[in-house]
Amino acid sequence: MNQTVRVRFAPSPTGYLHIGGLRTALYNYLFAKKSGGTFILRIEDTDQKRYVAAAEDYIINSLKWAGIEADESPQKPGNHGPYRQSERKELYKKYVQQLLDEDKAYYAFDSTEELDAMRERLKEAGSSHQQYDAHTRGDMKNSLTLSSEETKAWLESGKPYVVRFKMPKGESIQFQDIVRGEVTFSSDQLDDKILFKADGMPTYHMANIVDDHLMEISHVIRGEEWLSSTPLHVMLYKAFNWQAPTFAHLPLILKPEGKGKLSKRDGEKHGFPVFPLKWFNEEKDVEQPGFKEIGFLPEAFCNMIAFFGWNPGTEQELFSLTELTDAFSLERIQKGGARFDWDKAKWYNQQHLQNLDNEALESLLKESNSDLLEGKENDFVSKAIALVKERMVFPGDFKKEAGFLFEAPSSYDEKNVRKRYKEQNIPHFEALIEAFNGLQNWESAEIETTLKSYLEQNELGFGAILPGFRLMLTGLMGGPSVFDIAAIIGKEETLHRMKTGMTRFLEIKAAS
Ligand code: GLU
């Protein structure tokens with residue numbers, strides 16, 4: 001590629017940024033980094049009615065957390081600013097004027113009622129396109145049908161008006177989309193889109209293409225929902241005699257069931273977030289966690305969203321952000337929608353967590369489990385972490401997985417105590433306490449050998465002792481190796497827990 005790559009993420013700050021938006025940002029970022037290009041963040045805030053002030057901060061904070069850093073943005077202006085469309089307002093007027101002067105756009109004065117009446121008329125006549133276009137503009141109230149004096153008078157009167165694009169008739173509009181190949185539309189399907197509104201602001205279409213041109217955007221990588229706007233954009237580029245960028249429209253992220261776009265409701269239904277950061281659920285009047293608060297690592301999150309619609313073409317599934325950059329290509333983006341899979345999402349996090357080096361994992365866990373880990377001996381903490389590392393999906397799982405290393409059980413899985421702890425084995429537990437007490441090296445292997453040879457000598461099966469032993473040490477049935485647990489908590493604590501367990505188990509059994 002010899003073209004200079006400049007790409008942009010151009011969100012509208014109208015609400016919380018969805019993971020689909022972050023994926024768009026990520027693909028733009030990866031493509032820019034891979035090509036030695038520039039990644040730009042542009043805030044598209046021309047729609048004053050839908051503008052939400054906090055949404056821009058949410059976008060910035062989400063990108064920051066994910067590690068997707070823009071080279072040029074409102075916060076880090078380059079040579080193509082401003083990077084917020086509301087601050088570029090004056091600039092668009094000149095371009096609208098150019099189209100008006102060249103007879104490629106016109107003023108329109110129709111009221112809502114007049115527009116409705118036009119659609120109604122066309123509907124009754126059985127027309128398939130009930131729109132403002134080459135067939136209808138001649139019957140409407142605009143600068144093409146009014147005299148220039150009337151038009152001038154209207155404009156000077158301060159009454160509302162819009163500027164519409166004069167979509168040419170009968171043209172075949174073709175463009176190459178990296179994901180979809182050649183895309184063809186007929187200009188007859190398209191209407192005379194509004195480019196400029198009565199409030200003095202350009203519409204999305206106008207601002208978007210003027211900015212992409214002025215910011216020298218080489219590739220427009222955006223969601224599939226914008227594909228149907230692209231023929232209009234192509235026609236606008238043509239009207240200005242500008243070269244259109246290369247397009248790549250990304251597939252939808254689908255519901256876990258596979259049909260329809262993933263929405264906030266799906267998240268609520270299945271209990272997973274669809275927003276990167278915490279957000280306020282107005283309907284329920286509560287703050288809800290995003291991926292960050294749930295415990296996703298930024299790299300695991302990027303790894304997961306990268307795979308929504310892209311794959312490297314190899315078996316490799318785990319990638320750091322740098323590895324993603326190296327492996328990424330627009331050509332490997334799929335056309336079909338990508339289904340959201342919560343189990344897989346968690347898998348990415350579990351794997352990334354496990355692959356952190358010990359130091360990084362320790363400091364992460366110390367942050368999220370300070371009540372448990374503060375003031376604890378380093379060696380003990382390291383052993384505890386190593387023991388349960390593979391069992392955690394989120395850093396917050398540490399307490400659930402390793403809590404028993406720090407505190408003796410305060411309760412026991414009573415159902416299993418009743419089922420697995422047999423009175424006839426009490427003398428064996430007593431003998432084991434003796435045997436353990438005599439051990440010089442309190443190590444996992446020693447403890448295991450001692451217990452196993454005791455079982456052998458007494459012709460006992462594992463089931464007679466092991467479940468009880470585990471329940472005594474942890475209160476639970478599942479978990480990591482019980483010998484490792486005993487080794488970590490130490491001899492004294494092990495023996496103490498065994499003795500307490502024996503007393504408590506008899507009480508539990510007596511109570512049932
Ligand atoms: N402002 C549009 C959005 O919110 C940008 C679409 C585009 O990338 O052209 O998604």
Side-chain angles (χ1 to χ4, degrees), residues 5-32 37-60 62-63 68 70 72-74 80 82-89 92 165 175 177-180 183 193-195 197 201-237 242 244-253 261-264 274-276 305 308-309 330 333:
V5 166
R6 286 180 58 85
V7 291
R8 83 312 190 259
F9 175 49
S12 300
T14 53
Y16 297 105
L17 182 65
H18 179 274
I19 48 172
L22 262 174
R23 183 199 53 180
T24 301
L26 177 66
Y27 284 6
N28 274 285
Y29 169 87
L30 294 175
F31 179 62
T38 305
F39 171 58
I40 296 148
L41 170 67
R42 181 174 75 222
I43 301 293
E44 299 210 326
D45 55 351
T46 54
D47 193 342
Q48 301 286 294
K49 282 202 271 323
R50 295 179 61 217
Y51 180 72
V52 180
E56 184 178 325
D57 285 341
Y58 192 89
I59 292 166
I60 310 257
S62 302
L63 292 174
I68 307 173
E72 296 174 20
S73 70
H80 296 72
Y83 293 85
R84 227 178 253 118
Q85 288 186 328
S86 56
E87 293 165 21
R88 301 171 66 83
K89 209 167 140 183
Y92 306 114
F165 183 55
F175 60 92
D177 185 287
I178 297 185
V179 179
R180 277 142 219 287
V183 182
K193 272 277 179 295
I194 297 177
L195 301 180
K197 292 174 289 184
M201 278 291 214
T203 55
Y204 152 73
H205 303 290
M206 183 70 193
N208 188 269
I209 72 119
V210 167
D211 286 349
D212 281 348
H213 172 71
L214 295 179
M215 293 184 175
E216 298 180 70
I217 298 302
S218 59
H219 296 73
V220 166
I221 305 165
R222 62 182 168 195
E224 179 177 290
E225 62 274 28
W226 301 103
L227 184 65
S228 57
S229 298
T230 308
L232 166 66
H233 298 177
V234 170
M235 291 308 277
L236 281 168
Y237 282 110
W242 294 338
T246 304
F247 294 98
H249 286 92
L250 311 176
L252 291 178
I253 301 181
K261 201 170 154 182
L262 180 73
S263 75
K264 162 170 107 183
V274 297
F275 299 122
I305 58 173
F308 288 154
L330 292 174
I333 295 174

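Every number for a ligand or one of its atoms is a count from 1 in the order of the listing.
For A32, the side-chain contact (heavy atoms from CB on, under 4.5 Å) partners at least two apart in sequence or on another chain are V7, F39.
In this structure, F275 and Y16 have tilted ring planes: the angle between them lies in the 30° to 60° band.
Not a single donor-acceptor pair under 3.5 Å links the side chain of H80 to the backbone N or O of I217.
Residue pairs meeting the salt bridge (charged side-chain N to carboxylate O under 4.0 Å, His left out) criterion with at least one partner in residues 16-27, sequence neighbours excluded, are absent. Under the salt bridge (charged side-chain N to carboxylate O under 4.0 Å, His left out) criterion, the residue pairs touching residues 214-226 are R180-E224, with sequence neighbours excluded.
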Note every protein N or O atom lying under 3.5 Å from an N or O atom of ligand 1, pairing the names and giving the distance.
residue, atom, partner, partner atom, Å
ligand 1, 1 (N), A10, O, 2.8
ligand 1, 1 (N), S12, OG, 2.9
ligand 1, 1 (N), E44, OE1, 2.7
ligand 1, 4 (O), S12, N, 3.3
ligand 1, 4 (O), S12, OG, 3.1
ligand 1, 8 (O), R8, NH1, 2.7
ligand 1, 8 (O), R8, NH2, 3.4
ligand 1, 9 (O), R8, NH2, 2.9
ligand 1, 9 (O), Y204, OH, 2.8
ligand 1, 9 (O), N208, ND2, 3.1
ligand 1, 9 (O), R222, NH1, 2.8
ligand 1, 10 (O), W226, NE1, 3.3

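Between Y83 and E72, the side chains place a donor N or O and an acceptor N or O closer than 3.5 Å (distance only, hydrogens not considered).
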